[in-house]
Each structure stands twice: as C-alpha cells, then as structure tokens.
Colleague: 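Okay, handing you the structure first.
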There are 2 protein chains.
Amino acid sequence: MLRISKLTDYGILLAVELGELQEPTSVRALSLRTGVPQATASKVLQSLARAGIARSRRGATGGYCLTRPSREIPMLEVLTALEGPLAVTDCVEEGACEHEEGCGTRVSWQRVNEAVARALANVSLADMAPPTPLVALTRSAAHAARLRQGADLSLLAPAEHA
Amino acid sequence: MLRISKLTDYGILLAVELGELQEPTSVRALSLRTGVPQATASKVLQSLARAGIARSRRGATGGYCLTRPSREIPMLEVLTALEGPLAVTDCVEEGACEHEEGCGTRVSWQRVNEAVARALANVSLADMAPPTPLVALTRSAAHAARLRQGADLSLLAPAEHA
DNA sequence: TATATATCGGACTGAGACAGTCCTATATGG
DNA sequence: CCATATAGGACTGTCTCAGTCCGATATATA
C-alpha cells in the first residue's frame, strides 16, 4: 500500500515523455505515445502546468513542454502537484486531527513523513526515464553509466536496520 | 498524499498501546484507552494477530498482547500486516501492469519503493511511542535521551538532494 | 476576419475502496 | 452451566478515484 493514484502515475509518465521531447507537444501526441486517454491526459497536464512544472500554449501548434530540464524536477514536486502535499497521516497536517495534543505518535509520524519526503526529493524526473540499453547507447557514456547504476537512487538506501 | 488508511493508523495506535502495557489486555480496555471504536479495534487487532505481531487469548480474562517487545517490531511489518505488501504503484508487483515490458519507469518505481520500505523498516513501534517528558522521566536516562533525539529516526534522513 | 486547431476547466458519473457495524460461532475461567 | 472474550463473515453508507463530456477561450494561418 501507500499507493499513489493512477492519475499521478499517468502524470509522471507524461512528464517523463515531455522531458525527452524538447519541443512543445500536443496532448493528442502525448496521449498516443503514452497510452493515457486524451481527456485524462489533458486534465493531468493542466495540474502540472498550474504547479509550474509544465508550460502550456494554446491554439494551433500549441501544446505542452516542461519549464525546466527533467533532471532539475524532483519527483516530490510532481507528486505534490498531482496529489497535494505529502501527508502520510491526517495528523501530519496542522489542525486536522482532534487528538492533536494528546496523541504521542504525531511527532513520530511527522518524522516518518519527512523521511519519505526526503527520499522523493532525491529522485528527479530524469531518473524515471527508461533505462533501456538502446537509449543509453545514444547518449553520453557518463549518462549511460548513471542509468546502469540507477542514478542517484542508491543514495536513498540507508544502512540495514539495526 | 501517499496516505495510509485510518484503519492502519488505528492499528498502530493500538499496537503502541499494547507495547506499553505488558499484560494481556481486552479489546474493550484498549478501545477505551485509544478512542478507537471497539468493533473496529477488534478487527484491526485480528489482522495484527494473523500477521504474528500480536497474540490473542480467548475467553474470560482473555485479550491481546504483543509477541515481541515493541522495539523489535518494525513499522514496515505493521503496515504490511494491515494494508498488504508495500507497493507505491501497481507495476511494482509482478504481472499487475499490462505494459510491464514496454514501460521504462518500472525499474525506477521499484527503487523508489525500496527506498520507502527501507525507511519504514528502520522505525520500530517503540519509536512511535509518546515522547512526553513525564514518560521519559520514569524510564532510564538512556531511554529518555533516545526519545529526545527522536530515536533512530534521524538515520532515515539522507543528505540534502544535490 | 473566418476557420481550424488547441488548451481550459467545471460538471457529471459509474465503480470501487474505505470505515464502521452487526450477528453468530467459538473458546476460556469459575 | 454461564459470564466473558475473541473470531470472522456479511452487510452498508460514504467518499474518493478515474474517466468522460462539453462549452469557453486562445492562437496560427489563409
């Protein structure tokens, strides 16, 4: 569990796709490439645009593109854009829980929440891109090496628990 | 988002409570202490028992107790008992996604999933207990110090992202 | 200016998960 | 035998999720 919604999954798929295409791309084209239904893709992309992750351009030859290189966009930002602020429990947010003061687990939850957030902040959209050999070969050797090693993701793995 | 369910929250509340009371305690008593409705508490505790986290005892003077000291029970185990295996996305599990092969984000999701899992494996049930000064004072100085420092939770926080 | 092409964004809907309750069966201690 | 517990399946109302539809608005081109 602790699952993200399908919409969010789609959003990441779309954002990754945008990261690989440099030029503005229509929702229709993105829909065909990702398999996400067009109407749904439109909705998700709007959320990304509102959050400042993507930029939209209306009218003929319009479409979407990212506002920054995908390597500079942390996954946490994308998740927040699509599902609201990260909150493992209600009580992590101020005033959401009636037992706010009496409950001793609240502080602990906030720490857990922070740990998860930090993990997601350390993964960029670029890290989610397909690590297929074919793609790796067409890019720099350094980039290919990064892909094979799973990029910075290894940083997220602390030592085994005591 | 990435929220756990309320039932799971209750389960942790109940388990923490069980960790502080040593002797077998009835659902009724646990319900009164935690504020979780009795019927609901019963259900949640059954799940914990099935997962080998708690032990039940029927009949008069029956009730629940933990099978191990709360410090030896990782949060990941409790979450898994109550919501099933951790899976940030469907595609993390085998055969759940029809695009399994074509999708390049799958491997990345599995790494994210592992990172979150490892974070949760490093927090024990005992770490979730109330860190109130009063409680701290009644225990060993070493334990109190642990509480003030947020226990092992600091281990979960890797360096700031690059 | 007319028209084709896009996004914008609110309204609506069916499906499914979630939270919670109820009832009966079963086990234990006195 | 009886009072007290848990076991666990069935059931229900509520809410969120995933997805669609449609009218409004913006842009490029002829």
Side-chain angles (χ1 to χ4, degrees), chain A residues 1-14 18 23-32 34-67 79 81-84 87 89-90 96-98, chain B residues 1-14 18 23-32 34-67 79 81-84 87 89-90 96-98:
Chain A
M1 284 298 152
L2 267 183
R3 191 159 301 188
I4 63 169
S5 77
K6 266 192 193 174
L7 272 313
T8 302
D9 197 3
Y10 292 164
I12 289 162
L13 232 46
L14 291 163
L18 278 178
E23 34 193 51
T25 313
S26 71
V27 173
R28 175 183 184 68
L30 289 169
S31 169
L32 289 174
T34 58
V36 178
Q38 189 166 339
T40 303
S42 173
K43 227 179 176 170
V44 172
L45 287 163
Q46 281 171 44
S47 297
L48 291 178
R50 267 193 294 270
I53 294 170
R55 195 186 354 253
S56 72
R57 188 185 153 82
R58 288 187 173 192
T61 76
Y64 283 90
C65 59
L66 295 183
T67 57
L79 287 178
L82 295 168
E83 326 206 321
T89 58
D90 280 340
C97 175
E98 66 248 43
Chain B
M1 287 298 151
L2 264 184
R3 190 160 303 191
I4 63 169
S5 77
K6 265 191 192 174
L7 273 312
T8 302
D9 197 4
Y10 292 163
I12 289 161
L13 231 46
L14 291 163
L18 278 179
E23 35 193 50
T25 314
S26 71
V27 174
R28 175 181 183 70
L30 289 168
S31 169
L32 288 174
T34 58
V36 177
Q38 188 168 340
T40 304
S42 173
K43 234 185 170 164
V44 172
L45 286 163
Q46 281 173 44
S47 298
L48 291 179
R50 268 192 295 269
I53 293 170
R55 194 184 0 248
S56 73
R57 187 184 155 83
R58 289 188 173 191
T61 76
Y64 283 90
C65 60
L66 295 183
T67 57
L79 287 178
L82 295 168
E83 327 206 321
T89 57
D90 280 340
C97 174
E98 66 247 44

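All values derive from a computational prediction rather than experimental measurement. What's counted below: heavy atoms across the whole structure, side chains too, no hydrogens, waters or symmetry copies. Reminder, nothing fancy here: chain letters follow the sequence lines and each chain counts from 1.
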Colleague: Rounded to the nearest 0.5 Å, what's the gap from CD1 on A:Ile12 to OG1 on A:Thr34? Could you check?
Modeller: 13.0 Å
Colleague: Strictly below 4.0 Å: does A:Arg28 bring a side-chain N or O up to OP1 or OP2 of C:dT5?
Modeller: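 No, outside the criterion.
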Colleague: CG/B:Leu2 to CD1/B:Ile4 distance, rounded to the nearest 0.5 angstrom?
Modeller: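 The CD1 atom of B:Ile4 is 11.5 Å from CG of B:Leu2, to the nearest 0.5 Å.
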Colleague: Nearest whole angstrom, please: distance from the C1' of D:dG19 to the CG of A:Asp9.
Modeller: 15 Å
Colleague: Give me the atom names and distance for the closest heavy-atom approach of A:Cys65 to A:Pro24.
Modeller: CB-CA, 4.2 Å
Colleague: Taking CG from A:Asp90 and C1' from C:dC18, how many angstroms apart are they, rounded to a whole number?
Modeller: 13 Å
Colleague: Taking 4.0 Å as the cut-off, does a side-chain nitrogen or oxygen of A:Ser5 come that near to OP1 or OP2 on D:dT16?
Modeller: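 No, no such contact exists.
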Colleague: Which of these nucleotides, D:dA28, D:dA10, D:dT20, is closest to any side-chain atom of A:Thr61?
Modeller: D:dA28
Colleague: From CD of A:Gln46 over to P of D:dA26, roughly how many Å is that when rounded to an integer?
Modeller: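 Those two atoms, CD and P, are 14 Å apart.
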Colleague: In whole Å, what is the span from the CG atom of B:Leu48 to the P atom of D:dG8?
Modeller: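 Between P of D:dG8 and CG of B:Leu48: 13 Å.
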Colleague: Taking atom CG of A:Leu82 and atom CG of A:Leu7, what is their separation to the nearest 0.5 Å?
Modeller: 7.5 Å
Colleague: Which nucleotide, C:dA27, C:dT7, C:dT21, lies nearest any side-chain atom of A:Arg58?
Modeller: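 The answer is C:dT7.
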Colleague: Hey, does the side chain of B:Arg3 come within less than 4.0 Å of C:dC18's phosphate (OP1/OP2), counting only N and O?
Modeller: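 B:Arg3 to C:dC18 OP1/OP2: no side-chain N or O under 4.0 Å.
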Colleague: Quick one: does any side-chain atom of A:Thr25 pair with a main-chain N or O of A:Glu23 as donor and acceptor, under 3.5 Å?
Modeller: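 Judged by distance alone, yes, a pair lies under 3.5 Å.
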Colleague: Heavy-atom nearest nucleotide on DNA chain D for A:Leu7 versus A:Gly59: which residue maps closer to 5'?
Modeller: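 By nearest-heavy-atom nucleotide position, the 5'-most residue is A:Leu7.
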Colleague: Could you pull out the closest heavy-atom pair between B:Leu18 and B:Ala54, with the gap in Å?
Modeller: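 Residues B:Leu18 and B:Ala54, closest heavy atoms: CD1-CB, 4.4 Å.
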Colleague: Ignoring hydrogens and angles, does a donor from either the side chain of A:Lys43 or the base of C:dT7 sit under 3.5 Å from an acceptor on the other?
Modeller: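 Under the 3.5 Å cut-off, the side chain and the base do not form any donor-acceptor pair.
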Colleague: Side chain of A:Lys6 only, please: which of D:dA18, D:dT20, C:dG20 is the nearest?
Modeller: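 When the side chain of A:Lys6 is considered, D:dA18 is the closest of D:dA18, D:dT20, C:dG20.
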Colleague: Side chain of A:Ala39, heavy atoms from C-beta onward: which of D:dT20, C:dT7, C:dC18 has the nearest atom to it?
Modeller: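 My answer, after comparing the listed nucleotides, is D:dT20.
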Colleague: Round to the nearest Å and state the distance from B:Glu83 atom CD to C:dA19 atom P.
Modeller: 8 Å
Colleague: Would you say B:Tyr10 places a side-chain N or O within less than 4.0 Å of OP1 or OP2 belonging to C:dG20?
Modeller: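 Yes, within the criterion.
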Colleague: Of the options D:dT20, C:dT21, C:dA19, whose atoms approach the side-chain atoms of A:Thr40 most closely?
Modeller: D:dT20
Colleague: Check every atom of D:dT20, D:dT6, C:dA19 against the side chain of B:Ser56 and return the nucleotide holding the closest atom.
Modeller: D:dT6
Colleague: Among D:dT6, D:dT20, C:dG29, which nucleotide sits nearest the side chain of B:Ser26?
Modeller: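 Comparing D:dT6, D:dT20, C:dG29 against the side chain of B:Ser26, the answer is D:dT6.
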Colleague: Taking only the side-chain heavy atoms of A:Arg57 (C-beta and beyond), determine which of C:dA19, D:dA10, D:dA28 contains the nearest atom.
Modeller: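 Nucleotide nearest to A:Arg57's side chain: D:dA28.
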Colleague: In whole Å, I'd like the distance from the CZ atom of B:Arg50 to the P atom of D:dT6.
Modeller: 15 Å
Colleague: Of the nucleotides D:dG19, C:dT7, D:dA28, which one has an atom closest to the side chain of A:Ala60?
Modeller: D:dA28
Colleague: Could you give the CG-to-P distance, from B:Leu32 to D:dA5, as a whole number of Å?
Modeller: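 So the two atoms are 12 Å apart, to the nearest Å.
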Colleague: Could you state the CD-P distance from A:Gln38 to D:dA18, rounded to the nearest angstrom?
Modeller: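 After rounding, the reported distance stands at 20 Å.
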